[in-house]
Amino acid sequence: MKAAVMNKPFDIELQEVAVPKVLGEEVLVKVMAVGVCGSDIHYYEHGKIGRYVVEKPIILGHECAGIVAEVGENVTKVKVGDRVAIEPGITCGRCDYCKEGRYNLCPDVQFLATPPVDGAFVQYIKHREDFLFPIPDDLSFEEASLVEPFSVGIHAAKRSKLQPGSTVAIMGMGPVGLTAIAAVKAFGAAKIIVTDLEANRLEAAKKLGATHVINVLENDPNEEIFNITNGKGVDVAFETAGNPKALKSALQAVKRGGKMAIIGLPPQDEIGLNVPLIADNELDIFGVFRYSNTYPQGIEFLQSKSTDLKSLITDRYSLEETKAAMERARLNKKASLKVIVYPNGIIEE
């Protein structure tokens with residue numbers, strides 16, 4: 001089969017590799033759509049993210065969906081021909097975190113496209129059956145691949161115990177921030193205030209359900225948020241940009257007794273925060289690492305058609321064009337929202 005292999009940063013080439021063999025509870029999936037994620041771009045540019053370092057050629061891509069092509073002898077949950085969304089992290093299922101239902105914290109997780117694990121820019125991928133989720137015929141492979149970034153927002157909403165009728169601020173309108181709009185809307189948020197510095201991303205945010213958009217190059221975000229909330233602040237703030245200024249802004253935007261979820265990762269490990277503000281206002285701060293137990297709900301939200309993520313897809317590339325897809329996502333943030341690679345031929349569903 002064909003695979004887009006990253007030999008080193010900025011060097012991706014199409015290679016012929018063996019189709020994986022499946023045994024036991026393993027399933028072979030024909031990969032139909034893969035979203036380009038910010039982490040893919042980071043590995044492509046820098047060859048590492050924190051402690052995860054690319055030390056040998058690797059296949060990137062982890063936001064994916066496809067068709068079951070073959071099943072191992074012990075597979076019972078899916079069958080050949082099933083259309084599935086692929087949850088990219090395979091966990092041990094035995095540690096305390098897995099048993100508590102917080103399997104995203106499993107120390108032995110094997111996550112697609114996280115060194116040394118290969119990812120989904122391939123024609124076929126091997127995956128364990130309990131991390132495959134059937135999708136309905138009227139849900140496209142493109143949309144199903146977006147369940148992965150959508151899951152981050154769903155998990156953040158669950159972590160922060162978001163209630164219907166809440167006012168939410170989301171700082172940063174990258175793909176995760178945009179899908180977080182859809183997540184908080186699905187959870188019943190009444191006011192969704194978003195910030196960014198790119199006009200096209202703010203326009204996309206409106207289409208997804210943002211009730212108020214703030215361009216941080218033109219207006220002070222906290223001043224605007226307090227005007228919108230009559231000086232009260234928001235019930236919940238999400239920081240999705242991985243920007244120190246956005247993080248501080250999110251904290252200042254939260255009302256007394258409110259909550260903040262940290263989703264984005266800034267370039268530095270330590271950032272000064274206003275501790276008296278946190279203590280005096282009894283603010284709850286939640287770290288968000290990937291997600292757990294979100295895929296069924298994400299698929300249900302998308303199937304209901306009350307959540308439309310397909311509008312985010314701006315660019316489509318074949319597997320042979322994977323390097324061009326990465327460059328597009330890396331360099332054209334003003335025009336490009338979500339780039340999709342199609343390992344078995346471009347389809348528009």
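Everything numeric in this text was worked out from a predicted model, so none of it was measured. Numbers here simply count residues along the sequence, with the first being 1.
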Between [X] and [Y], what is the shortest heavy-atom contact and its length?
X: L319; Y: A3; value: CD2-N, 4.2 Å
X: I263; Y: A156; value: CD1-CB, 3.7 Å
X: I59; Y: A4; value: CG2-O, 3.8 Å
X: I154; Y: G298; value: CD1-CA, 3.6 Å
X: G35; Y: K338; value: CA-CE, 4.2 Å
X: A144; Y: A65; value: CB-CB, 3.6 Å

In the hydrophobic clustering (ILVMFWY, side-chain contacts below 4.5 Å, transitive), which residues join [X], or is it alone?
X: F286; answer: none
X: L331; answer: none
X: L217; answer: L197, V216
X: V275; answer: none

Within the 3.5 Å criterion, strictly below it, is a donor on [X] or [Y] matched to an acceptor on the partner's side chain?
X: E270; Y: Q268; answer: no
X: Y44; Y: R330; answer: no
X: E143; Y: S140; answer: yes
X: Y295; Y: E148; answer: no
X: E70; Y: Y124; answer: no

Whether the side chain of [X] engages the backbone of [Y] through a donor-acceptor N/O pair (distance < 3.5 Å, no angle test) should be reported.
X: N219; Y: P221; answer: no
X: D284; Y: K259; answer: no
X: Q163; Y: K161; answer: yes
X: R316; Y: I346; answer: no
X: D40; Y: C37; answer: yes

Solution key, residues 100-113 side-chain donor-acceptor pairs under 3.5 Å, sequence neighbours excluded:
unit_1: Y103; atom_1: OH; unit_2: E87; atom_2: OE1; d: 3.4
unit_1: Y103; atom_1: OH; unit_2: E87; atom_2: OE2; d: 2.8
unit_1: Y103; atom_1: OH; unit_2: N293; atom_2: N; d: 2.8
unit_1: N104; atom_1: ND2; unit_2: F289; atom_2: O; d: 2.8

Side chains of [X] and [Y]: closer than 4.5 Å at any heavy-atom pair?
X: V147; Y: F301; value: no
X: I313; Y: L146; value: yes
X: I340; Y: F141; value: no
X: P20; Y: L28; value: yes
X: V29; Y: V84; value: yes

Check your understanding: Of all residues at least two apart in sequence or in a different chain, which pass the side-chain hydrogen bond (donor to acceptor under 3.5 Å, both in side chains) check with D130?
Key ->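 D130 satisfies side-chain hydrogen bond (donor to acceptor under 3.5 Å, both in side chains) with R128 only.
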
Review point. side-chain hydrogen bond (donor to acceptor under 3.5 Å, both in side chains) with E320: which residues, sequence neighbours excluded?
Key: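 E320 satisfies side-chain hydrogen bond (donor to acceptor under 3.5 Å, both in side chains) with K2, S318 only.
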
Check your understanding: Are K77 and E129 close enough for a salt bridge, meaning some N to O gap below 4.0 Å?
Key ->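 Here K77 does not pair with E129 in a salt bridge, since their nearest N and O are not under 4.0 Å apart.
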
Check your understanding: Checking side-chain contact (heavy atoms from CB on, under 4.5 Å) against I225, which of H212, Q252, M171 comes through?
Key ->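 Between I225 and the candidates, side-chain contact (heavy atoms from CB on, under 4.5 Å) is satisfied uniquely by M171.
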
Exercise for review: Among residues two or more places apart or on two chains, list those pairs meeting side-chain hydrogen bond (donor to acceptor under 3.5 Å, both in side chains) that have a residue in residues 181-205.
Suggested key: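 For residues 181-205: none.
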
Check your understanding: Tell me, which pairs form a side-chain hydrogen bond (donor to acceptor under 3.5 Å, both in side chains) where one or both residues lie in residues 164-180, sequence neighbours left out?
Key ->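 Matches after skipping sequence neighbours: none remain.
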
Point to revise | salt bridge (charged side-chain N to carboxylate O under 4.0 Å, His left out): pairs with one or both residues in residues 212-236, sequence neighbours excluded | key: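 Of all non-adjacent pairs touching residues 212-236, those that pass salt bridge (charged side-chain N to carboxylate O under 4.0 Å, His left out) are D235-K255.
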
Check your understanding: Quick one: salt bridge (charged side-chain N to carboxylate O under 4.0 Å, His left out) pairs with a partner in residues 47-60, sequence neighbours left out?
Key ->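 Listed once each, the pairs would be none.
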
Check your understanding: Would N7 and E13 count as a side chain to side chain donor-acceptor pair (under 3.5 Å) if you check the C-alpha gap in whole Å, the side-chain angles of each, and the deciding distance to 0.1 Å?
Key -> CA-CA 8 Å; N7 295 310; E13 68 172 353; 3.3 Å; yes

Check your understanding: Could you give the distance from NZ (K207) to CG (L178), rounded to the nearest 0.5 Å?
Key ->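 Reported to 0.5 Å precision, the distance equals 11.5 Å.
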
**Study point:** Residue list, salt bridge (Lys or Arg N to Asp or Glu O under 4.0 Å) with K79, at least two apart or on another chain
**Key:**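 K79: salt bridge (Lys or Arg N to Asp or Glu O under 4.0 Å) contacts with D82.
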
